[in-house]
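One structure is given below, encoded as structure tokens.
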Amino acid sequence: MGYNFKLDIDFKSELNAEQYAAVTAPYDKPLLVLAGAGSGKTRTLTYRVAWLLSECGLSPREILLLTFTNKAARQMLERIEALTGYSPNMFWGGTFHSVAYRFLRLEGSVAGLEPNFGIMDADDAAKLLKVSTEKIFPKFFSSPDNPKAKLLADIISYARNTRKNIAGAMHERFDWISTPYEQIEAIAESYEESKRSQNICDFDDLLELWLKVLQSDEAILERYSSRFKNVLVDEYQDTNSLQCAILELLAHGGGISAVGDNAQCIYSWRGADDTNILRFRDRWPNARIEKIELNYRSTPQILNFANSVIEGLGVGEEFKKNLKSPREDGEYPSVVKCSDATSQSMRVVDAIKNLVERYDSKYTYGDIAILYRANFQAMDLQLRLQQYSVPFVVKSGVKFFEQSHIKDVVCQIKFAANQSDFVSFDRFVRFIPKVGAKTAEKIFFAAHAEAEKRQISVVKAMLGKSVLAKVPSAGREVFSKMAETLSSVEDMIGLCREEFSTLKPELKAAVQTDMFGVLENNSASGQAASDGDSQRVLSHMPKDMVRAVCEGWYISCMKSSYEDWAERCESFDALYEYASRYSDFDEFLSSASLEIAEDGADTPSEGGFVNMMTVHQAKGLEFPVVFVIGASDGLFPLQRCIDEGGEDEERRLFYVACTRAKDLLVITWPQLSVRNGLFEALEKSRFINDVPDEDYKTNC
């Protein structure tokens, strides 16, 4: 190799014993580093590169660095530069996709690419897929049963990244779609032809064509596999079948250094395969496995809790880790039982304000994170934080009432209440096949004209033949179902308003409530008073209107539009629970409308913002104080995931959540929740049950 430039680094003194063993392992033999949460994974990778340069005689051009995000790639290369002095541009390093792009610029002609090929983003890819579909099936998108272009793209992408055929991908992940797989296979072929004819690629092409070139041209494979003496891979547990196949070819001689944690494999829904790390020795039989278990992040008490949680994963002894902490003892994690979501939000907000506002506090709002399994579980807490002026920021997407499907449902109710509201009508009517902006206007004005002519409501007029004639034939069946749902909601609104208007003033005051008012202490029954009149009002409540919309035509539209339609449906339970707190329809509608109208701007705080995010979003982050909410069986783990055989991944997610905490870990679990529009009693998460009682306390 002839490259020998010693760096002035005392590896033994700058690394702990576990890190040193991993960093100094032979470069020409396969290495798998099982790096536990908070154990200094990035430091280990950085020093591994320095060791390869300084002690093994490798040059920067002989090292390939692969990560999963641009941020991780930048941080890695910047740290290497700070440690070694070598500029990032001296290495082949970056995300799998960015390195693939660089490779195909040089070698893509083997796969039929011209050097100036373009890359489409997700939106442009979906547009081309739509055109390619209509080229062979002109009426494909006219059927409400067929997936929309974005969902169609998800199906094809999942199949490509897992290296499955379309039939296999649909059976495994999209089994609710009734479209024959042969049609989707034909669409995928048409889409492929369109891309090649235009010399453009989508993101999946970058990996597929990289693999294709390596498999089809032995000279190119030999050139790159002999050039890269060591391939370093970060977050190896997140690799999919395509990425693993590429690595197997490039490092067939054994020069691979993979770093990962099987206990943090949480992305199977996008193709990550934990068997890639669990079967590392199957691909590289003489692999050396090193463990890094010294966690610098969390207190011993938090790690004892997390270790007990992950012990139930049931992997082989070689992949088990027991995280240890060099820190002094801290507080035991708290596991807090709450009656329901409202009680949970109260307890969490009180605890946060106490932590930050007490005179001797060392914590600010920015030191605190609230983690949850799914976005809908945070709705109540978002509203409570807002009510008590606690600054927060949602880092896992938008706030609850800003989510598109929640707006769709509320806008249907708004339109049923105010049938001159074209903005609300236009929002949800676009889900009807072949209905665009101009057609929406024609239908709207036709319905108003018919309503005036027949002296009926606009919603009732939408059920008439003259209005239906304005709807494209492909969408008439769905439109009729939509109109029936709106008509039902309209009737409920009328009854609710009529019954409320007959109440005596003192009873009106008893049932008029805000988010945290009269119904708060009896949310399961929804009773605001025991008087017979109030009981009669409660027979027609806003929650019934929410249920009517959420169980109506809109569900079938979601199934053809969103890969995560099931999770979105789960969030309807949170909306139903919100509506259950109101007896007066107009109070409910005004509150929900105001939540949607909020611009989402948070007031800056000297102490920063409380961080709210899903556990997936929190991966790789750490906070002094972590609240994990909704830790009840059926919520975390999600019942849907249990039913689908995904308990192991739910356990890994719970482990990831716990190991984000540095000083304090508080876990809350509600005893009562809403599922499918009905209140349901819950038990504490099965993952908490795996932790010895003496390893946590039961107060906040």
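Basis for what follows: all heavy atoms, side chains included, without hydrogens, waters or symmetry-related copies.
- A heavy-atom distance below 4.5 Å is not found between the side chains of Glu18 and Glu290.
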Is there a side-chain hydrogen bond (donor to acceptor under 3.5 Å, both in side chains) between Asn276 and Thr239 once you walk through the steps?
-> CA-CA 7 Å; Asn276 289 345; Thr239 54; 3.1 Å; yes
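- Side chain to side chain, Glu311 and Asn307 fail the donor-acceptor criterion of an N or O pair below 3.5 Å.
- Within 6.0 Å of CD in Glu328 there are 12 or fewer heavy atoms belonging to other residues, nucleotides or ligands.
- Side-chain contact, Gln344 with Thr668: a donor N or O sits under 3.5 Å from an acceptor N or O.
- When only modelled atom types and interatomic distance are considered, Ser268 and Glu649 share a side-chain donor-acceptor pair under 3.5 Å.
- Heavy-atom neighbours of Arg279 CZ from other residues, nucleotides or ligands within 6.0 Å: at or below the threshold of 12.
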What's the verdict on side-chain hydrogen bond (donor to acceptor under 3.5 Å, both in side chains) for Asp380 and Ser345, showing C-alpha distance, side-chain angles and the deciding distance?
-> CA-CA 6 Å; Asp380 202 287; Ser345 65; 2.8 Å; yes
Test Tyr267 against His616 for ring pair (Phe, Tyr, Trp, His ring centres under 6.0 Å), laying out the working first.
-> CA-CA 8 Å; Tyr267 297 112; His616 283 103; 5.6 Å; yes
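- Around atom CD of Glu683, no more than 12 heavy atoms belonging to other residues, nucleotides or ligands sit under 6.0 Å away.
- In this structure, Lys150 pairs ionically with Asp154, as a charged nitrogen and a carboxylate oxygen lie closer than 4.0 Å.
- Taking every heavy atom of both residues into account, Ala657 and Val626 meet most closely at O-CG1, 4.1 Å.
- Using a 3.5 Å distance cut-off with no hydrogens or angles, the side chains of Ser257 and Arg48 do pair a donor with an acceptor.
- The backbone N or O of Lys395 sits less than 3.5 Å from a side-chain atom of Gln617, completing a donor-acceptor pair.
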Determine, stepwise, if the pair Arg327 / Asp663 fulfils salt bridge (charged side-chain N to carboxylate O under 4.0 Å, His left out).
-> CA-CA 10 Å; Arg327 294 184 57 185; Asp663 303 336; 2.8 Å; yes
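- By the 4.5 Å heavy-atom criterion applied to side chains, Met612 and Leu381 are counted as neighbours.
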Run the ring pair (Phe, Tyr, Trp, His ring centres under 6.0 Å) check on Tyr365 and Phe392 step by step: do they pass?
-> CA-CA 8 Å; Tyr365 288 122; Phe392 70 96; over 10 Å; no
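- Using a 4.5 Å heavy-atom cutoff, the side chains of Val666 and Pro333 are not in contact.
- Minimum interatomic distance between Val656 and Arg660 (heavy atoms only, all atoms of both residues): O-NE, 2.7 Å.
- Looking at heavy atoms from C-beta onward, Asn689 lies in side-chain contact with Lys684 at the 4.5 angstrom threshold.
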Determine, stepwise, if the pair Asn295 / Ser39 fulfils side-chain hydrogen bond (donor to acceptor under 3.5 Å, both in side chains).
-> CA-CA 4 Å; Asn295 175 294; Ser39 63; over 6 Å; no
Show your working on side-chain hydrogen bond (donor to acceptor under 3.5 Å, both in side chains) between Asn240 and Asn161 and close with a plain yes or no.
-> CA-CA 6 Å; Asn240 60 32; Asn161 280 285; 3.0 Å; yes
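- For Phe203, the CZ atom counts as loosely surrounded, since its 6.0 Å shell holds 12 or fewer non-hydrogen atoms of other residues, nucleotides or ligands.
- Side chains of Lys321 and Asn262: a donor on one and an acceptor on the other come within 3.5 Å.
- Using modelled atom types, one finds a donor on one side chain and an acceptor on the other under 3.5 Å when comparing Tyr554 with Asp408.
- The nearest pair of heavy atoms linking Ile256 to Phe280 is CG2-CZ, 4.1 Å.
- Heavy-atom contacts from other residues, nucleotides or ligands closer than 6.0 Å to NZ of Lys324 number more than 12.
- Between the side chain of Gln19 and the backbone N or O of Asn16, at least one donor-acceptor pair lies under 3.5 Å.
- Relative ring orientation between Phe636 and Phe654 is described as perpendicular, the plane-to-plane angle rising above 60° on a 0-90° scale split at 30° and 60°.
- Outside the 6.0 Å centre-distance limit, the rings of Phe687 and Tyr655 are not counted as a close aromatic pair.
- Here the two rings, on Tyr332 and Tyr696, have centers that are 6.0 Å apart or farther.
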